[in-house]
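Below is one structure, written out as structure tokens; comments come after it.
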Number of protein chains: 2
Amino acid sequence: MEPGDLERQGLRLTRQRRELLEVLRRSPGMLTAEELHRRVAQRQPAVSLSTIYRNLDILTEAGLVCKVEIGDGFARYELRRTEGHHHHLVCVRCGRSESIHCPVTGIEELFGRRGFQVTGHRFVVYGYCPACRDSAGTGPASDGPPGTRAPDRDG
Amino acid sequence: MEPGDLERQGLRLTRQRRELLEVLRRSPGMLTAEELHRRVAQRQPAVSLSTIYRNLDILTEAGLVCKVEIGDGFARYELRRTEGHHHHLVCVRCGRSESIHCPVTGIEELFGRRGFQVTGHRFVVYGYCPACRDSAGTGPASDGPPGTRAPDRDG
DNA sequence: ATAAATGCAAAAAATTTGCAACTCA
DNA sequence: TGAGTTGCAAATTTTTTGCATTTAT
């Protein structure tokens with residue numbers, strides 16, 4: 001997260017990359033590559049979408065960014081803010097999400113008993129955020145993601 | 001799941017659709033559209049991939065099939081066998097998965113307290129299945145999914 | 001008979017990649 | 001200076017769609 005982290009890995013802090021990191025830093029939720037591109041382009045108008053994708057890959061690889069696919073066809077990214085893992089609360093109406101901490105424990109043991117060696121897990125909760133719940137039926141309540149269709153889910 | 005269910009919805013039981021349902025019926029895990037296509041094509045050689053996709057959509061819509069995206073770019077499908085919702089245990093090596101029941105409760109209340117109206121959730125556990133754990137390092141242990149790369153995950 | 005379903009090929013849509021030009025360290 | 005980066009355009013990859021033809025009922 002410090003510029004030094006980048007340098008240590010032989011990565012350069014270019015204008016585009018710096019602005020991408022700043023956009024990520026000031027975004028509380030997860031954003032799609034398109035959204036990030038739009039926001040980065042506000043200050044670096046010539047930035048290309050492929051640069052955004054490439055940097056997101058690089059930063060994910062470097063461990064600074066966390067990529068999640070919630071199942072609607074758009075990968076989302078956010079700054080990795082905590083060391084531990086976390087999960088997501090996703091609004092099916094405006095598409096915004098927030099991090100939540102993991103409400104499940106003992107997974108390794110539970111499935112290890114069946115001979116399954118657990119390496120990780122993901123937990124996503126879908127629903128209506130306070131804003132969207134209140135303004136139900138009046139059209140998307142924001143400059144949310146592109147065409148956010150409710151992802152498939154059980155429950 | 002009964003042929004009658006299809007008829008009731010004005011759907012015809014074509015050769016291709018019947019074979020797709022049979023393939024799904026005898027598959028314990030989730031399969032990608034490609035895999036289903038390959039398997040259906042064993043008995044209905046002329047079946048096209050778009051027919052598979054179209055039928056999967058239709059059957060999902062009809063509630064007979066359940067579609068899940070685990071985050072590696074391939075949507076997976078399986079027969080909806082139980083009424084209640086369920087989750088998945090996914091092998092990051094061979095890509096196969098099995099259903100597990102939900103180990104989390106009280107989600108509605110937990111997030112409802114924050115003003116978030118929960119409509120559903122998804123829980124996916126990643127790791128090595130017994131077969132892949134034992135044969136580690138000897139190449140994929142099966143006719144698993146296409147290029148199964150480990151999905152991104154926390155944990 | 002006829003509405004639904006199919007196959008094919010072309011279209012979409014998200015993401016990746018090749019390459020020459022550029023730029024940060 | 002020169003290896004890492006970028007922009008652009010073209011390519012990939014999964015899934016969807018248009019349309020003429022076939023088929024289940």
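Below, chain A is the first sequence line, B the second, and so on; all start at residue 1. Side-chain atoms are counted along with the backbone in the values below, which use heavy atoms only and exclude waters and symmetry mates. These figures come from a predicted structure and were not determined experimentally.
- Side-chain N or O atoms of B/R133 include none that pairs as donor or acceptor with a backbone N or O of B/G127 at under 3.5 Å.
- In this structure, CZ of B/R18 is placed 12 Å from P of C/dT6, rounded to the nearest angstrom.
- Here the C1' atom of nucleotide C/dA25 and the CG atom of A/L11 are 13 Å apart, to the nearest Å.
- For B/R114, the side-chain hydrogen bond (donor to acceptor under 3.5 Å, both in side chains) partners are A/E98, not counting sequence neighbours.
- Atom CD of A/E34 and atom P of C/dT15 are 9 Å apart (whole Å).
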task: Tell me, with the steps shown, if B/V90 and B/R76 meet side-chain contact (heavy atoms from CB on, under 4.5 Å).
output: CA-CA 11 Å; B/V90 179; B/R76 321 239 163 177; 5.8 Å; no
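- Remark: P of C/dT6 and NE2 of B/H37 are 12 Å apart, rounded to the nearest angstrom.
- Shown for residues 53-62 of chain B: residues whose heavy atoms fall under 4.0 angstrom of DNA chain C, namely B/R54, B/N55.
- Taking all atoms of both residues into account, the shortest heavy-atom contact from A/A33 to A/I52 is O-CG2, 3.8 Å.
- Summarising the geometry, the separation between CD1 on B/I52 and C1' on D/dT14 is reported as 15 Å, rounded to the nearest angstrom.
- In this structure B/R26 satisfies the side chain to side chain contact (heavy atoms under 4.5 Å, CB included) test together with B/E19, B/E22, B/V23, B/R43, sequence neighbours excluded.
- A search for side chain to side chain contact (heavy atoms under 4.5 Å, CB included) contacts involving B/E61 returns nothing, not counting sequence neighbours.
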task: Go through B/H121 and A/V124 one step at a time and tell me if the side-chain contact (heavy atoms from CB on, under 4.5 Å) criterion holds.
output: CA-CA 5 Å; B/H121 65 274; A/V124 185; over 6 Å; no
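- Straight-line distance from the CD atom of B/E19 to the P atom of C/dG7: 13 Å, rounded to whole Å.
- B/L49 has its CG atom 11 Å from the P atom of C/dG7, to the nearest Å.
- Applying the side chain to side chain donor-acceptor pair (under 3.5 Å) test to pairs two or more places apart or on separate chains, those with a residue in residues 49-60 of chain B are B/R17-B/N55, B/S48-B/S50, B/S48-B/T51.
- Scored by the side chain to side chain contact (heavy atoms under 4.5 Å, CB included) test, B/A75 finds B/K67, B/E69, B/Y77 as partners (sequence neighbours excluded).
- For B/Q16, a side-chain nitrogen or oxygen approaches OP1 or OP2 of C/dG7 to under 4.0 Å.
- Under the 3.5 Å distance criterion, the side-chain polar atoms of A/E35 are matched with a main-chain donor or acceptor of A/T32.
- By the side chain to side chain contact (heavy atoms under 4.5 Å, CB included) test, A/E78 pairs with A/M30, A/C66, A/H86, A/H88, A/S99, sequence neighbours left out.
- Each of B/Y77 and A/V47 was matched to the nucleotide of DNA chain D holding its nearest heavy atom; the match closer to the 5' end belongs to A/V47.
- Per the geometry, CG belonging to A/L13 stands 13 Å off C1' belonging to D/dG4, to the nearest Å.
- Comparing the start and finish of the helix from C/dA1-D/dT25 to C/dA25-D/dT1, five pairs each, the helix axis swings through 30°, to the nearest 10 degrees.
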Report all interatomic pairs (protein N or O, nucleotide N or O of nucleotides 20-23 of chain D) with separations under 3.5 Å.
| from | atom 1 | to | atom 2 | distance (Å) |
| --- | --- | --- | --- | --- |
| D/dT23 | O2 | B/R12 | NH1 | 3.3 |

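- Close to C/dT16, at under 4.0 Å from its OP1 or OP2, lies no side-chain N or O of A/S50.
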